[in-house]
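Before anything else, here's the structure in question.
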Amino acid sequence: MPKHGQKLTRQAEGVIAHVRTLQRGGGDGRSLVRAASELADFAACGYRSFTVKVGAVPLLVALLESGSEDAKDQAARALSYLATDKSGPPAVLRAGGVAPLVALLRSGGYRTKEFAARALRNLAYDEAGNAAIVAIGIAPLVDVANGGGRYANTAAATALSILALSNEDAYVAMAEASGALVQLALGGFVDVARQRWMAGAAARATAARILAARRAVVVRKCVETAVPEEIAGVVASFLARWR
């Protein structure tokens, strides 16, 4: 909070009042929805850094996990704006915000999915945020991009584009989620949301290694149950080259 005696604008006082409402919690739930909605509006109007500074982010992340549907909706909207400030992504990551945002892609309504996808899209510009989303969020983003509603699928597709731009692992995860590892390994591309995503050599090589390892496992299991004992050692030696 600001230092004692520091003069604040009316807007800054409003931000602090809504943060305090979230801190108190409880009530009938409508006050929390209104507080999150007002914080989103203040952030949209430029009070992003200040809103992060006064501690709104952990409170908004908590709403994503335990609030009503409307509260989750407005908390995700607020975080989508706050993530565009340089102080926003580190604050969201410290609060553990990526996982609940990804969860909303699976369980939220169309509007909530849209705001969650927008928040993840903006977090994806941050290096640490990008890595955190690639680790757990690609499959849900692919699902939303392919059919999450008009605005949600656009936000999800844009998030995937940003993730893939600076992280080759995103292509592999997209291919896994789409059942397209062979396509990536052989053709160097993945099709998601009626778009073709061209990958680099590193992603193609990773996809090829994953497929080779899986093929070896399948063949080895078949051999273990079908090869006569007297030649099993010879076959095992041959399969060892695939590891």
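Remember, it's a predicted structure, so these values are computed and weren't measured experimentally.
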For Ala185 and Ala208, which heavy atoms make the closest approach, and how far apart are they?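 Ala185 and Ala208 have their closest heavy atoms at CB-N, 3.9 Å.
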With hydrophobic residues grouped by side-chain heavy-atom distances under 4.5 Å, do Ile136 and Val142 end up in a single group?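 As far as the 4.5 Å side-chain criterion goes, Val142 and Ile136 are connected within one cluster.
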So do Tyr81 and Thr51 actually touch side chain to side chain, heavy atoms under 4.5 Å?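 Counting from C-beta outward, Thr51 and Tyr81 never come under 4.5 Å.
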Looking at every heavy atom in both Val102 and Pro140, which two are closest together, and how far apart are they?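 Scanning both residues completely, I find the closest heavy atoms to be CG1-CG, 3.7 Å.
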Are Ile133 and Met174 in one and the same hydrophobic cluster, where Ile, Leu, Val, Met, Phe, Trp and Tyr link if side-chain heavy atoms are under 4.5 Å apart?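 Yes, same cluster.
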Considering residues at least two apart in sequence or located in another chain, which fulfil the side chain to side chain contact (heavy atoms under 4.5 Å, CB included) criterion with Val134?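 Residues passing side chain to side chain contact (heavy atoms under 4.5 Å, CB included) with Val134: Asn130, Ile138, Leu163, Asn167, Asp169, Ala170.
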For the residue pair Gln74 and Arg77, confirm or rule out a side-chain donor-acceptor distance under 3.5 Å.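 Checked: Gln74/Arg77 side chains pair up, N/O donor to acceptor below 3.5 Å.
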Which atom names give the shortest non-hydrogen contact between Ala199 and Ala203, and what distance separates them?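 That closest heavy-atom pairing would be CB-CB, 3.8 Å.
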For residues Leu160 and Leu165: do they belong to one hydrophobic cluster (side chain heavy atoms under 4.5 Å, members Ile, Leu, Val, Met, Phe, Trp, Tyr)?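 No; tracing contacts between hydrophobic side chains, which count when under 4.5 Å, never links both residues.
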Side chain to side chain contact (heavy atoms under 4.5 Å, CB included) evaluation trace for Tyr47 with Thr9: CA-CA 11 Å; Tyr47 280 80; Thr9 64; 3.4 Å; yes
Kindly write out the residues that satisfy side chain to side chain contact (heavy atoms under 4.5 Å, CB included) with Ala117, not counting sequence neighbours, or none if the list is empty.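 Only Leu105, Ala155, Ala156 meet the side chain to side chain contact (heavy atoms under 4.5 Å, CB included) criterion with Ala117.
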Inter-residue atom distance Ser87.OG - Arg48.CZ, 0.5 Å rounding: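 With rounding to 0.5 Å, OG (Ser87) is 10.5 Å from CZ (Arg48).
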Side chains of residues 56-70: which donor-acceptor partners sit under 3.5 Å, not counting sequence neighbours?
unit_1: Ser66; atom_1: OG; unit_2: Ala62; atom_2: O; d: 3.0
unit_1: Ser68; atom_1: OG; unit_2: Ala71; atom_2: N; d: 3.2

Are Asp126 and Val92 close enough, and set up right, to give a side chain to side chain contact (heavy atoms under 4.5 Å, CB included), and what steps lead you there? CA-CA 11 Å; Asp126 178 79; Val92 174; over 6 Å; no
Just so I know, are the side chains of Phe50 and Ile16 near enough to count as touching, which here means a heavy-atom distance under 4.5 Å?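 Touching, per the 4.5 Å side-chain cut-off.
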Transitively linked via ILVMFWY side-chain contacts under 4.5 Å: Leu104 with Tyr110?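 Result: no, two separate clusters.
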Are Leu186 and Leu184 grouped together when hydrophobic residues (ILVMFWY) are joined by side-chain heavy atoms under 4.5 angstrom apart?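 Shared cluster, yes.
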Quick one: does any side-chain atom of Asn122 pair with a main-chain N or O of Thr84 as donor and acceptor, under 3.5 Å?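 It does not hold such a pair.
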Taking Val33's backbone N and O only, do any of them form a donor-acceptor pair with Ser37's side chain (distance below 3.5 Å, no angle check)?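 Such a contact is absent between Ser37 side chain and Val33 backbone.
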Within 45 degrees of the ring normal and closer than 6.0 Å to the centroid, is that where the cationic atom of Arg204 sits relative to Tyr171?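 So Arg204 doesn't make the cation-pi contact.
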OG1 of Thr154 to CZ of Arg118: how many Å apart, nearest 0.5 Å?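 Reported value, rounded in 0.5 Å steps: 11.5 Å.
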Which atoms form the tightest heavy-atom contact between Gly200 and Glu168, and what is the distance?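 Taking every non-hydrogen atom into account, N-OE1, 3.5 Å.
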Remaining members of Tyr125's ILVMFWY cluster at a side-chain heavy-atom cut-off under 4.5 Å?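 Members alongside Tyr125: Ile162.
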Distance (rounded to the nearest 0.5 Å) between Thr158 OG1 and Leu120 CG: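 Output value for this atom pair is 12.5 Å.
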Partners of Ala205 by side chain to side chain contact (heavy atoms under 4.5 Å, CB included), sequence neighbours excluded?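 Expected list: Arg209.
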Provide the closest heavy-atom pair for Ala145 versus Ala193 in the form atom of the first, atom of the second, distance.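 Of all heavy-atom pairs spanning Ala145 and Ala193, the closest is O-CB, 3.3 Å.
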Which class fits the ring pair His18 and Phe42: parallel under 30°, tilted 30 to 60°, perpendicular over 60°?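 His18 and Phe42: tilted rings.
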Would you name the heavy atoms of Ala36 and Leu22 that are closest together and state the gap between them?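 Looking at all heavy atoms of both residues, the closest pair is N-CD2, 4.5 Å.
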Quick one: side chain to side chain contact (heavy atoms under 4.5 Å, CB included) partners of Gln183, sequence neighbours excluded?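 Expected list: Ala180, Phe189, Asp191.
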Calculate, to the nearest 0.5 Å, the distance between atoms CZ and NZ belonging to Arg111 and Lys72 respectively.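 One finds 15.0 Å between CZ of Arg111 and NZ of Lys72.
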Using the side chain to side chain contact (heavy atoms under 4.5 Å, CB included) rule, take Glu38 and Thr21 through it: C-alpha gap first, then chi angles, then the decisive distance, then the call. CA-CA 11 Å; Glu38 292 291 336; Thr21 297; over 6 Å; no
Does any N or O in the side chain of Thr206 come within less than 3.5 Å of the main-chain N or O of Ala202, such that one atom is a donor and the other an acceptor?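 Yes.
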List the steps and the verdict of side chain to side chain contact (heavy atoms under 4.5 Å, CB included) for Asn153 and Asn146. CA-CA 6 Å; Asn153 60 26; Asn146 283 330; over 6 Å; no
